[in-house]
Amino acid sequence: GGQGRPGSTSPSPPPKKPSPPPPAPRKPSPAPVPDESSLVLLVSRLSRNVTEGHLREIFENYGEVVNVELSMDKAVNLPRGYGYVEFKMRADAEKALLYMDGV
């Protein structure tokens, strides 16, 4: 009797996975006040007759307001319909934000 040698099988390499595309670079979105963005609320959908005084009055119900800025259209000297309200405390800004979301 002769000795039967088992055929040697080489393991096949695993199939190549397609490499995922590199992540696209994310552009930072421009913020009005990057450092204190947590304290500054953007207030939009304002009517033309709302003044900075009105905004201050409304938002002082939620905490101490340090700055109110109404965006004006210089060409016609009318409010653009949005502005920024800056709070002293972040918690107050969040309270006001919750109120605004509910409107």
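Excluded from the calculations below are hydrogen atoms, water molecules and symmetry mates; all remaining heavy atoms, backbone and side chain alike, are included. Quick note: residue numbers are just sequence positions, from 1.
Both Y99 and V68 are part of a single hydrophobic cluster, where members link through side-chain heavy atoms under 4.5 Å apart.
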Per-pair distances, 0.1 Å, donor-acceptor, side chain in residues 46-61, under 3.5 Å, sequence neighbours excluded:
{"unit_1": "S47", "atom_1": "OG", "unit_2": "N49", "atom_2": "OD1", "d": "2.7"}
{"unit_1": "R48", "atom_1": "NH1", "unit_2": "P79", "atom_2": "O", "d": "3.0"}
{"unit_1": "T51", "atom_1": "OG1", "unit_2": "G53", "atom_2": "N", "d": "3.3"}
{"unit_1": "T51", "atom_1": "OG1", "unit_2": "H54", "atom_2": "N", "d": "3.2"}
{"unit_1": "T51", "atom_1": "OG1", "unit_2": "H54", "atom_2": "ND1", "d": "3.4"}
{"unit_1": "E52", "atom_1": "OE2", "unit_2": "L70", "atom_2": "N", "d": "3.1"}
{"unit_1": "H54", "atom_1": "ND1", "unit_2": "T51", "atom_2": "N", "d": "3.0"}
{"unit_1": "R56", "atom_1": "NH1", "unit_2": "V65", "atom_2": "O", "d": "3.2"}
{"unit_1": "N61", "atom_1": "ND2", "unit_2": "I58", "atom_2": "O", "d": "2.9"}

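Two residues are said to be in side-chain contact when any heavy atoms from C-beta on lie closer than 4.5 Å; V66 and F87 fail this criterion.
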*Derivation and outcome, side-chain contact (heavy atoms from CB on, under 4.5 Å), residues V43 and Y84*: CA-CA 6 Å; V43 189; Y84 301 97; over 6 Å; no
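Under a 4.5 Å side-chain heavy-atom cut-off, the cluster of Ile, Leu, Val, Met, Phe, Trp and Tyr residues that includes L78 is completed by V76.
Remark: K95 pairs with D92 by the salt bridge (Lys or Arg N to Asp or Glu O under 4.0 Å) rule, at least two apart or across chains.
Between the side chain of R90 and the backbone N or O of L39 there is no donor-acceptor pair closer than 3.5 Å.
More than 12 heavy atoms of other residues, nucleotides or ligands lie within 6.0 Å of CE in M72, so this atom counts as buried by the packing criterion.
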